[in-house]
Amino acid sequence: MKLITSFDEMRDAVKEHRRAGDSIGLVPTMGFFHAGHVSLMESADHENDMVVVSIFVNPTQFGPGEDFEDYPRNLDRDMEMAEQAGADYIFHPAVEDMYPRPYLTYISVEDITEGLCGAKRRGHFTGVATVVAKLFNIIPADRAYFGLKDAQQVRVIEKMVEDLNFNIEIAKCPTIRESDGLALSSRNMYLNGEERSAAAILYRSLQAAGEMISRGERDASAIIAGINKLLDSEELIEPEYVEVVDYRLLHPLEELRGEVLIALAARVGKARLIDNLLINLAQSPD
Ligand code: PAF
């Protein structure tokens, strides 16, 4: 596995593999890997001849007062994990190369970035779309891999790819969880012992929602109330939002139908955690 920081070197490596007829998988990340990242890399390795993993803590997707400076970083450990997971290249550009001064060009995906995390994190998805578009231009891969824990992010990237005609397939990968259901996230490291135990209620509340739906509940407000009741039972959880939306448009639903995303965000101590359940009711008999 090779570490590359220069755009020219990265482009040359991709060109060489293209000439050899290799298919290329890209796994965009901000590093500090956990089993969720590893599963993205393994899927990429399985489905492509060559895999590039980008590691870049992207300043434009962090708002003022967010954790850009504190965001955990450990390049040496990440490189070992990526190599074991089948990566061929780590692309690790410098901030000043990605954003030459003055930096003036951004990609803004409208409407679907207004709600859920976009409502609280103004500008966040513009930062995400911009950096992902830049990565797609530097590394024109066949497929790019993203985890569904960040479902709104995945939808924003899918829409950007569709609207701007990027020739790349977006592979959506399932959320990887701890044994008590907590979704893996680099931000889980901000939790102390008590907060970590309390955080398991996030997924438990989504599972309870899933059970209500299997019993036939289709009223979004009943689902939201059920989730909030469980979240309120944990003192250390400060819910930010609980919403039931249509996955494609990310607009709130009153009645569950089609591809439904039940998404939540909560503060637990210093950490802001998100999780969701994506359910396809299109095929259900009722
Ligand atoms: O999900 C992430 O780690 C980041 O938002 C991404 C997609 C790598 C863009 O910086």
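First listed ligand is number 1; within each ligand, the first listed atom is number 1. The chain is numbered in sequence order, starting from 1.
- Per-residue contacts place T29 under 4.0 angstrom from the following atoms of ligand 1 (heavy atoms of the residue considered): 8 (C).
- Hydrophobic clustering places V156 together with L116 (ILVMFWY residues linked when any side-chain heavy atoms are closer than 4.5 Å, directly or through intermediates).
- Close approach of ligand 1 to V131 is summarised as follows: ligand atoms under 4.0 Å from at least one heavy atom of the residue are 9 (C), 10 (O).
- Ligand 1 places these atoms under 4.0 Å from at least one heavy atom of Q61: 4 (C), 5 (O), 9 (C), 10 (O).
- Between D275 and R177, at least one side-chain N (NZ, or NE/NH1/NH2) sits under 4.0 Å from a carboxylate O, which counts as a salt bridge.
- Ring geometry for Y103 against Y106 counts as perpendicular: the plane angle is over 60°, on a 0 to 90° scale with 30° as the lower cut.
- Side-chain contact check for D70 and Y190: no donor-acceptor pair (N or O, by modelled atom type) lies under 3.5 Å.
- For ligand 1 and Q153, the ligand atoms under 4.0 Å from any heavy atom of the residue are 1 (O), 2 (C), 4 (C), 5 (O), 7 (C).
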